[in-house]
2 protein chains.
Amino acid sequence: MSDLLQRLRDRGWRLTAQRRVVAEVLDGEHVHYTADEVHARAAEKLPEISRATVYNTLGELVSIGEVIEVSTDGRAKRYDPNAHHSHQHLVCSRCGVIRDVRPSGDPLALLPEGERYGFTLDEATVTYRGLCPSCASA
Amino acid sequence: MSDLLQRLRDRGWRLTAQRRVVAEVLDGEHVHYTADEVHARAAEKLPEISRATVYNTLGELVSIGEVIEVSTDGRAKRYDPNAHHSHQHLVCSRCGVIRDVRPSGDPLALLPEGERYGFTLDEATVTYRGLCPSCASA
DNA sequence: TCTTGACTTAGACATTGTCCAATGTAGGAT
DNA sequence: ATCCTACATTGGACAATGTCTAAGTCAAGA
């Protein structure tokens with residue numbers, strides 16, 4: 001059993017077949033699927049799984065911090081299981097491919113006190129954009 | 001006539017009543033309206049303006065660089081007319097209010113060469129999140 | 001003032017996400 | 001092993017946001 005399933009069990013989750021296949025889909029390295037992509041891949045293993053269950057499960061995984069929601073393009077949200085290592089995203093402006101990247105230093109530190117307007121800062125998310133090698137050479 | 005309308009005329013735009021009212025709505029300081037909010041405000045001055053025209057005009061303003069599209073929450077995109085001064089956004093996690101802010105230094109510089117994976121970098125957008133003073137004290 | 005090609009319109013359609021009542025079931029209790 | 005029941009799943013309606021098209025309208029140059 002994967003670590004993720006064990007952590008879910010520890011939290012008192014019922015381990016249904018549906019939740020297992022959603023967890024398996026997200027188990028890959030550095031995947032950034034939309035909810036519908038997760039649904040399509042889950043349905044290959046469990047054809048009767050419903051869209052609502054996929055949305056429910058993804059929402060629950062996000063709310064307990066096991067998965068991060070990423071909106072890089074204002075369209076469908078993507079779900080990133082790499083939640084236990086702080087990182088940012090590098091996106092190709094043409095083909096949309098996404099890579100996890102780690103900036104040096106804390107992006108929060110770049111915002112001077114005079115630019116914080118009394119806010120209690122919590123986090124900074126950075127999206128780097130450019131052309132990936134394939135798109136740049138095409 | 002506002003500078004924006006003059007620039008649009010210089011580009012050969014037909015200055016229709018619809019485009020004028022959309023430009024007027026975006027003329028305020030530091031507004032971050034959704035397309036539907038722009039439509040509602042435009043319709044106060046020109047009741048028959050259609051949603052399609054507002055979407056068309058906003059899309060055109062974005063493509064010529066007069067307005068910036070901002071997605072802070074994965075829901076409706078917001079339109080930011082402060083396009084001629086580089087800036088980032090500070091968002092209240094509770095009430096959603098948005099402020100324009102200027103980090104010190106270029107966020108792009110934080111991404112080491114070894115984390116660029118051969119991409120040709122173009123820009124970095126940063127979203128700072130936290131609680132605004134009103135929400136923090138409530 | 002005419003003409004014409006660009007602009008606008010209403011509404012159908014597409015995509016993404018949420019909600020609900022009915023049904024099913026995981027896992028503890030017996 | 002089986003039963004219970006609270007929790008989970010389902011299908012489909014609904015909501016929010018955005019796109020597209022065919023037909024009508026109009027800004028601005030001739």
Side-chain angles (χ1 to χ4, degrees), chain A residues 1 5-25 32-43 45-64 66-80 96, chain B residues 1 5-25 32-43 45-64 66-80 96:
Chain A
M1 168 174 317
L5 287 180
Q6 185 57 56
R7 287 197 298 276
L8 296 179
R9 177 189 292 281
D10 291 346
R11 285 179 167 271
W13 272 37
R14 282 199 196 167
L15 292 191
T16 65
Q18 291 83 350
R19 286 171 169 179
R20 283 174 193 276
V21 297
V22 169
E24 282 172 23
V25 168
H32 299 91
Y33 294 142
T34 64
D36 273 353
E37 286 168 351
V38 172
H39 179 237
R41 283 171 172 75
K45 299 186 173 187
L46 188 68
E48 68 274 25
I49 191 172
S50 74
R51 289 191 335 111
T53 294
V54 171
Y55 275 98
N56 286 343
T57 305
L58 290 173
E60 290 156 356
L61 289 169
V62 168
S63 73
I64 66 177
E66 289 286 351
V67 166
I68 291 170
E69 228 171 41
V70 181
S71 321
T72 56
D73 61 355
R75 317 228 8 204
K77 291 174 193 165
R78 293 180 173 273
Y79 293 88
D80 180 345
Chain B
M1 171 174 314
L5 287 179
Q6 185 57 56
R7 287 197 298 277
L8 296 180
R9 178 189 291 281
D10 291 346
R11 285 179 168 270
W13 274 38
R14 280 203 199 164
L15 292 191
T16 65
Q18 290 84 351
R19 286 171 168 178
R20 283 174 193 276
V21 296
V22 169
E24 281 172 24
V25 168
H32 300 90
Y33 294 142
T34 64
D36 272 354
E37 286 168 351
V38 172
H39 179 236
R41 283 170 172 76
K45 299 186 172 187
L46 188 67
E48 68 274 25
I49 191 172
S50 74
R51 285 172 67 267
T53 294
V54 172
Y55 275 99
N56 287 342
T57 304
L58 290 173
E60 289 156 358
L61 289 169
V62 168
S63 74
I64 65 177
E66 288 287 351
V67 166
I68 291 170
E69 226 171 42
V70 181
S71 322
T72 56
D73 61 355
R75 317 225 12 202
K77 291 173 192 166
R78 292 180 175 274
Y79 293 87
D80 179 345

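All values derive from a computational prediction rather than experimental measurement. Because only heavy atoms are used, hydrogens play no part in the values below, and waters and symmetry mates are left out as well, while side chains stay in.
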Figure out the [atom1]/[atom2] separation between [X] and [N], and round it to whole Å.
X: A/E48; N: C/dG24; atom1: CD; atom2: P; result: 13 Å
X: A/E60; N: C/dT18; atom1: CD; atom2: P; result: 12 Å
X: A/R11; N: D/dC7; atom1: CZ; atom2: P; result: 17 Å
X: A/I49; N: D/dA8; atom1: CD1; atom2: P; result: 14 Å
X: A/L58; N: C/dG17; atom1: CG; atom2: P; result: 10 Å
X: B/R19; N: C/dT9; atom1: CZ; atom2: P; result: 11 Å

side-chain hydrogen bond (donor to acceptor under 3.5 Å, both in side chains) against [X], all qualifying residues, sequence neighbours excluded:
X: B/T53; result: B/S50
X: B/T34; result: none
X: A/S71; result: none

Sequence-distant partners of [X], side chain to side chain contact (heavy atoms under 4.5 Å, CB included), two or more places apart:
X: B/R14; result: B/T16, B/R19
X: A/Y33; result: A/V25, A/V31, A/E37, A/V38, A/R41
X: B/D80; result: B/H32, B/I68, B/V70, B/N82, B/H87, B/H89, B/D100

| field | A/T57 (side chain) donor-acceptor with A/V54 (main chain) under 3.5 angstrom | value |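 Pair absent, no side-chain N/O of A/T57 close to backbone of A/V54.
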
| remark: In 5'-to-3' order, the base (B), backbone-only (S) or no-contact (-) status of each nucleotide in nucleotides 23-28 of chain D, using a 4.0 angstrom heavy-atom cut-off, is ---BBS

| said: Under the rule for salt bridge (charged side-chain N to carboxylate O under 4.0 Å, His left out), what residues qualify as partners of A/R7, not counting sequence neighbours? | reply: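 Salt bridge (charged side-chain N to carboxylate O under 4.0 Å, His left out) list for A/R7, sorted by chain: A/E66.
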
| task | Mind grabbing the angle between the end helix axes of the helix from C/dT1-D/dA30 to C/dT30-D/dA1? Five pairs an end, 10° rounding. | result |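 Both end axes considered, the difference amounts to 20°.
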
| task | Decide yes or no for A/L5 and A/R9: does some side-chain heavy atom of the first lie under 4.5 Å from some side-chain heavy atom of the second? | result |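 Not touching, per the 4.5 Å side-chain cut-off.
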
| task | Taking only the side-chain nitrogens and oxygens of A/Q18, find out if one of them lies under 4.0 Å from OP1 or OP2 of D/dT10. | result |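 Result: yes.
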
Please enumerate all protein N or O atoms sitting under 3.5 Å from an N or O of nucleotides 17-19 of chain D, with distances to 0.1 Å.
from, atom 1, to, atom 2, distance (Å)
D/dG18, OP1, B/K77, N, 3.0
D/dG18, OP2, B/Y55, OH, 3.0
D/dG18, N7, B/R51, NH2, 2.8

| With B/H39, which residues qualify under ring pair (Phe, Tyr, Trp, His ring centres under 6.0 Å), at least two apart? |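 Result, ring pair (Phe, Tyr, Trp, His ring centres under 6.0 Å) vs B/H39: none returned.
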
| Nearest heavy-atom neighbours spanning A/A42 and A/V21 |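 Nearest pair, atom of A/A42 first, then A/V21: CB-CG2, 3.9 Å.
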
